[in-house]
There are 2 protein chains.
Amino acid sequence: MNFVDIHLEPIQSDTKKKILETAIDFFSRKGYTGVSVRDITREVGIKESSLYKHFKNKDEILETIFLNFRIDSAIILPPVERIDAILEAIGPEEFLNTGLKNFMKHAEDPNMRSIWRIMYIEQFRDPLAKEIYSHDIVRKTVDFLALAFGRMIARQQIRPFDPMTLAVEYQYPLFTMIMEYIMVKSDGMDSSDVERKMSEHVRFFWSAVKP
Amino acid sequence: MNFVDIHLEPIQSDTKKKILETAIDFFSRKGYTGVSVRDITREVGIKESSLYKHFKNKDEILETIFLNFRIDSAIILPPVERIDAILEAIGPEEFLNTGLKNFMKHAEDPNMRSIWRIMYIEQFRDPLAKEIYSHDIVRKTVDFLALAFGRMIARQQIRPFDPMTLAVEYQYPLFTMIMEYIMVKSDGMDSSDVERKMSEHVRFFWSAVKP
DNA sequence: GTCTATAGTAAGATAGAC
DNA sequence: GTCTATCTTACTATAGAC
């Protein structure tokens, strides 16, 4: 995974990258307040004082993680302007399946999954984490889907429900499943049950809305 | 709210109760590792050493919280044996609405909502919290619903889908909505949007499965 | 069951040599 | 950019007087 620092510059230094990856791993398992700078530097193999040559303080590490989450999660959804073109090309059922595939690709990276865990935890403690999760993930996704379902209805590709209701009905179960998926994978367990649930959901939803 | 200690004895002492409620409040906002014994005793108005007359250590406070969550969350669902009687009495749509009402009543207590936040946070860090949330909440609820939907199908009260699929389709969106509800309420914000989403979900689901 | 006092450890962070 | 050394504060927990 390619990280950027808080000035959006790519992180080149191996040590800085290792600090970040270790922090991501530890924060995701113990929470930000449950991990000390000592824990991180011990794992990286440097002294505590050296860490401060790479990050101003412990908080800047978390900021960096949040920033990279923002950037990398932004590409899960295609731009709103492309909705019509996509619906034209592949139809609504495949539209939904492709969205799922996009997320799965995004979540292939273990670092990314760990960052999801961090967002889940820190949203309760950190106002910025909460803002990022509830805005960049929840709201953005639901708004995008409401638009997409609106277009599907206009094209008579699905039955005429309220688009926002459809967006919630489609995405809210997925939010729970995504959390389960992140959990299962980070425990090194088999994820096929969760993935089956996701496919089954798309199927059920489609059967409920198809014309 | 009436708490019990780790030996299942009701907590009578006002100080012990105040320690527990303060811990619940603080843990729910900053996480277990983000709150010190000092933070708690300062708020309660006692010295740190006094806290150890009530709890063996910091960990025992968390154990007590988990135990009380287990006990109080267990009464959200009626016993499995009563499913048929309930379906007989009120029918499937009202069955679902009543389930929602039961949860809402359970979540009326601010302490209870704070404990839900604690479970959300600590499941990522604490194996016991994870076990409680994923078993006592997720699995138990879904299994209960699968049974209930199976009975509804046998009674021809809904269309014959796979009961487990129905359970997931019904409950997984609610898990996300419950989390939203807990969040919104603990921020002192208006919860009517989330509550509307819940009702709307029951309506949508019912329209998808009704005979 | 409260307090004062204190032990012993761990925390975040900095100074300055190399 | 790494290290040693250190500062200061904060942490959990206990001893013992009242």
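Lettering of chains follows the sequences in order, A, B, ..., and the numbering in each one begins at 1.
- Here dG16(D) is the nucleotide among dG16(D), dT2(D), dA13(C) with the atom lying nearest to any side-chain atom of Lys53(B).
- Judged by the 6.0 Å and 45° rule, Lys16(A) forms a cation-pi pair with Phe55(A).
- Of all nucleotides listed (dT2(C), dT14(C), dT14(D)), dT14(D) comes nearest to the side chain of Tyr52(B).
- Closest to the side chain of His54(A), out of dT12(D), dG1(D), dG12(C), is dG1(D).
- No N or O donor and acceptor, one from the side chain of Arg38(A) and one from the base of dA10(C), sit under 3.5 Å apart.
- Computed from coordinates, the Ile46(A) CD1 to dC18(C) P distance equals 21 Å when rounded to whole Å.
- Note on Lys47(B): a base of the nucleic acid sits closer than 4.0 angstrom, heavy atoms only.
- Side chain of Val37(A), nearest nucleotide from dG1(D), dG12(C), dG16(D): dG12(C).
- Counting to the nearest Å, the C1' atom of dT14(C) and the CD atom of Glu48(A) are 12 Å from each other.
- Rounded to an integer number of Å, the gap from Phe26(A) CZ to dA11(C) P is 12 Å.
- Glu60(B) has its CD atom 12 Å from the P atom of dT14(D), to the nearest Å.
- The distance from atom CG of Asn57(B) to atom P of dC11(D) is 17 Å, rounded to the nearest whole Å.
- One interatomic measurement links the two molecules: CD1 of Ile19(B) to P of dT12(D), which rounds to 14 Å at whole-angstrom precision.
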For this session: List the steps and the verdict of salt bridge (charged side-chain N to carboxylate O under 4.0 Å, His left out) for Lys18(A) and Glu21(A).
Result: CA-CA 5 Å; Lys18(A) 197 169 175 192; Glu21(A) 287 180 332; over 6 Å; no
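- Contact annotation for Ser50(B): base contact, defined as any heavy-atom pair under 4.0 Å involving a base atom.
- The ring-ring contact (aromatic ring centres under 6.0 Å, His included) test with Trp116(B) singles out one residue from Phe27(B), Phe103(B), Phe175(B), Tyr181(B), and that residue is Phe103(B).
- Between Asp39(A) and Ser49(A), it is Asp39(A) whose nearest contact on DNA chain C lies nearer the 5' terminus.
- The distance from atom CD1 of Ile11(B) to atom P of dG1(C) is 12 Å, rounded to the nearest whole Å.
- Heavy-atom nearest nucleotides on DNA chain D were determined for Lys58(B) and for Gly45(A), and the one closer to the 5' end corresponds to Gly45(A).
- Nucleic acid contact class of Val44(A) (heavy atoms, under 4.0 Å, all strands): none.
- Atom NZ of Lys56(B) and atom P of dA13(D) are 10 Å apart (whole Å).
- Salt bridge status for Glu48(B) with Arg42(B): absent, with no side-chain N to carboxylate O gap under 4.0 Å.
- Geometrically, Lys58(B) engages Tyr32(B) in a cation-pi contact, judged by NZ or CZ lying under 6.0 Å from the ring centre and within 45° of the ring axis.
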